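From a predicted model like this one, the values you see are computed outputs, not experimental measurements. Side-chain atoms are counted along with the backbone in the values below, which use heavy atoms only and exclude waters and symmetry mates.
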Amino acid sequence: MSNDIKIKKGLDIKLKGEAEKATENAIVSNYCTLRPEDFHGVIPKLLVKVGAKVKVGEAVFHDKSNEAVKFASPVSGEVIEILRGEKRRILAIKLQADKEQVYQDFGKFDVQSANGEAVKAHLLASGCWPFIKQRPYDIIAKPNRTPKAIFISGYASAPLAADLDYTLKGKEAELQAAVTALGKLTEGKVHVSVGKNSTSPLAGLSGITLHKVSGPHPSGNVGTQINKIDPVNKGEVVWTVNAQDLVIIGELLLTGTFNAERIVALAGSSIKKPRYFKTKIGSEIATMVYDNGIDKDSNDRIISGNVLTGKQVSPDGCLDYYSNIITVIPEGDDYEFFGWNKPVFNKVSTSRALTFSWMTPNKEYELDTNTNGEHRAFVLTGNYEEVFPLDIYPLQILKACMYTDLDEMEALGMYEVAPEDFALTEFVCVSKQPHQAIIRKGLDVMIKEIG
């Protein structure tokens with residue numbers, strides 16, 4: 001039996017360039033880059049120096065505030081560069097990959113007979129712990145806390161998102177091993193959500209509480225599912241794991257090797273042939289985007305992640321640690337003369353004033369990065385509530401973050417939100433306010449003041 005979750009508020013942004021369900025092996029990347037900025041709140045302490053040789057799965061750095069949380073190398077090879085910024089802050093660790101990959105052996109793990117402490121120790125030692133994140137604060141989970149539940153979303157509703165039913169196909173054994181292990185880390189339930197009409201391999205796993213989700217984006221966001229299933233209150237903690245990261249965890253448990261392989265969707269209207277690639281975390285994006293209509297002179301934006309929450313990267317950049325999609329869309333650096341004063345047929349909007357996207361709900365759009373307006377003070381329009389399905393007042397919590405009223409932030413539900421939950425309100429915001437950055441700043445203040 002499953003529990004149905006039907007989301008009514010939200011917005012599906014249908015874009016051109018959805019990835020065709022065909023997978024190719026990406027050109028083997030010569031370099032791999034780990035960026036500590038992918039792990040919010042982590043201050044890295046290096047365990048290697050330039051010139052050091054590492055195996056796949058060998059720790060490259062650990063969290064300065066908790067040495068048990070280690071970050072593993074996705075490839076075997078040589079550390080060739082450590083990029084630093086102001087005050088010698090570590091920006092990136094760049095490795096040159098070996099032609100023949102050598103894996104560190106962590107040994108096969110008997111999940112069935114192990115207890116929670118043994119599972120935790122194994123995941124920490126092998127570098128798999130960073131795949132487990134927590135709410136409140138949307139940071140890497142604190143190993144010394146016990147979550148009241150664990151949430152996994154096997155349904156992606158974001159624009160051009162990778163189809164998880166497709167990318168997880170054939171990985172049932174790894175998925176089962178991972179959820180069995182995670183179940184030993186909580187006294188509560190392991191909640192798994194899939195699309196209502198999906199064929200997800202997650203739906204057949206044992207030891208889970210299954211939920212079937214339907215409705216517009218952000219129905220696939222784990223934050224939406226937490227809010228509808230078991231909201232986070234003060235003093236409580238829940239953990240979340242991305243569905244594809246379960247495969248890495250499961251393979252480690254079954255084989256003893258840390259295999260940082262990713263099936264990545266290359267999508268977007270600027271791509272000639274959108275499709276899937278098999279690559280590794282931290283690999284060069286150039287191995288996938290070049291020869292697909294993109295070169296260094298193209299006037300396009302490359303995003304590691306989806307168009308609402310992803311990070312802009314350069315053509316010679318790398319795939320970030322948690323993304324399973326690379327999106328490429330036209331750069332919006334043009335100016336439309338009197339664009340505010342004429343009917344619009346080629347843009348998505350929740351408003352019916354001068355825009356007509358509501359007349360063609362199934363139309364696919366070729367949008368660019370133009371914000372179509374400038375930053376200004378908040379305008380009270382009520383459009384945030386139309387696309388925000390959580391039982392939270394979005395405008396009020398944003399304002400509370402801006403003037404850092406901790407009591408008000410707590411009362412409004414700050415413990416259960418993450419920046420991605422406000423991606424749609426940012427998209428529809430006529431004031432062009434950076435909602436995700438505001439929420440992130442508010443969460444950081446709470447970490448510092450409340451802990």
Side-chain angles (χ1 to χ4, degrees), residues 10-24 26-27 156-164 166-167 216-218 220 262-277 279 284-320 323-336 339 342-351 355-373 387 420 423-424 426-429 432 436:
L11 178 66
D12 282 330
I13 305 170
K14 298 183 184 296
L15 302 181
K16 292 182 180 178
E18 182 179 350
E20 178 189 352
K21 291 182 176 61
T23 303
E24 297 180 10
I27 299 170
S157 59
L160 301 178
D163 186 328
L164 293 174
Y166 175 73
T167 59
H217 184 65
R262 270 265 198 275
I263 296 180
V264 176
L266 177 64
S269 58
S270 295
I271 298 297
K272 286 181 178 178
K273 186 183 176 184
R275 57 199 187 281
Y276 289 82
F277 283 95
T279 186
E284 299 169 283
I285 281 176
T287 60
M288 291 169 277
V289 299
Y290 286 164
D291 298 326
N292 279 284
I294 306 301
D295 56 42
K296 291 183 179 180
D297 298 322
S298 297
N299 191 29
D300 297 289
R301 182 172 297 189
I302 303 173
I303 303 165
S304 182
N306 67 63
V307 292
L308 294 175
T309 62
K311 302 175 184 177
Q312 181 180 359
V313 293
S314 62
D316 59 351
C318 60
L319 181 71
D320 76 53
S323 290
N324 65 348
I325 177 174
I326 299 168
T327 315
V328 188
I329 59 175
E331 191 66 69
D333 53 5
D334 58 324
Y335 179 76
E336 189 175 1
K342 62 183 181 181
V344 177
F345 296 91
N346 60 347
K347 294 174 184 173
V348 179
S349 175
T350 56
S351 171
T355 57
F356 296 90
S357 59
W358 57 274
M359 296 179 66
T360 53
N362 295 317
K363 178 180 177 180
E364 292 184 343
Y365 293 85
E366 188 173 344
L367 302 185
D368 57 31
T369 63
N370 198 319
T371 58
N372 300 301
V387 300
E420 71 171 9
L424 267 184
E426 183 175 304
F427 176 77
V428 302
C429 182
K432 314 304 173 187
Q436 296 180 79

Note to self: If I take atom NZ from residue Lys14 and atom NE2 from residue His217, how far apart are they, to the nearest 0.5 angstrom?
What the structure shows: 12.5 Å

Next item on the list: Quick one: list whatever passes side-chain contact (heavy atoms from CB on, under 4.5 Å) with Cys429, sequence neighbours left out.
Entry: Tyr384, Ser431, Gln433, His435

Margin query: Less than 4.5 Å apart, side chain to side chain, heavy atoms only: is that true for Val313 and Ile326?
Written below: no

Check: With Tyr276, which of Val264, Thr167, Leu266 fulfils side chain to side chain contact (heavy atoms under 4.5 Å, CB included)?
Finding: Thr167

Next item on the list: Could you pull out the closest heavy-atom pair between Glu20 and Lys273, with the gap in Å?
Entry: OE1-CE, 4.4 Å

Next item on the list: Mind checking side chain to side chain donor-acceptor pair (under 3.5 Å) for Ser269 and listing every partner two or more places apart, or none if nothing turns up?
Entry: none

Checklist line | Atom of Ile325, atom of Ala162 and distance for their closest heavy-atom approach | finding: CD1-N, 4.4 Å

Check: Which residues pass the side-chain contact (heavy atoms from CB on, under 4.5 Å) test with Thr287, sequence neighbours left out?
Finding: Ala26, Ile27, Ser29, Glu284

Checklist line | Closest heavy-atom pair and its distance - Ala265, Ala19 | finding: CB-CB, 4.0 Å

Next item on the list: Identify whether the distance between the nearest side-chain nitrogen and carboxylate oxygen of Glu331 and Arg301 falls below 4.0 Å.
Entry: yes

Next item on the list: Find out whether Leu424 and Ile13 are in side-chain contact, i.e. whether some heavy atom of one side chain is under 4.5 Å from a heavy atom of the other.
Entry: yes

Check: Hey, what do you get for CD1 (Ile302) to OG1 (Thr327), rounding to the nearest 0.5 Å?
Finding: 10.5 Å

Item checked: Counterpart residues, salt bridge (Lys or Arg N to Asp or Glu O under 4.0 Å), relative to Glu420 (two or more places apart) -> Arg135

Next item on the list: Nearest 0.5 Å please: distance from the CD1 atom of Ile303 over to the CD1 atom of Ile329.
Entry: 4.5 Å

Item checked: Heavy-atom pair of closest approach, residues Gly10 and Pro218 -> CA-CD, 4.1 Å

Next item on the list: Could you pull out the closest heavy-atom pair between Ser323 and Arg262, with the gap in Å?
Entry: O-NE, 3.2 Å

Notebook entry, point to check: Are Phe427 and Val387 close enough that some pair of their side-chain heavy atoms sits under 4.5 Å apart?
Noted result: no

Notebook entry, point to check: To the nearest 0.5 Å, how far apart are OG1 in Thr23 and CZ in Arg275?
Noted result: 10.5 Å

Next item on the list: Rounded to the nearest 0.5 Å, what's the gap from CG on Leu319 to CD1 on Ile285? Could you check?
Entry: 6.0 Å

Note to self: To check you understand the geometry: which heavy-atom pair defines the closest contact between Asp320 and Lys311, and what is its length?
What the structure shows: OD2-CD, 4.2 Å

Next item on the list: Using side-chain contact (heavy atoms from CB on, under 4.5 Å) as the criterion, list what pairs up with Asn306, not counting sequence neighbours.
Entry: Ala158, Leu308, Thr309

Notebook entry, point to check: Between the side chain of Ser304 and the main-chain N/O of Gly310, is any donor-acceptor distance below 3.5 Å?
Noted result: no

Checklist line | Residue list, salt bridge (Lys or Arg N to Asp or Glu O under 4.0 Å) with Asp163, at least two apart or on another chain | finding: Lys21

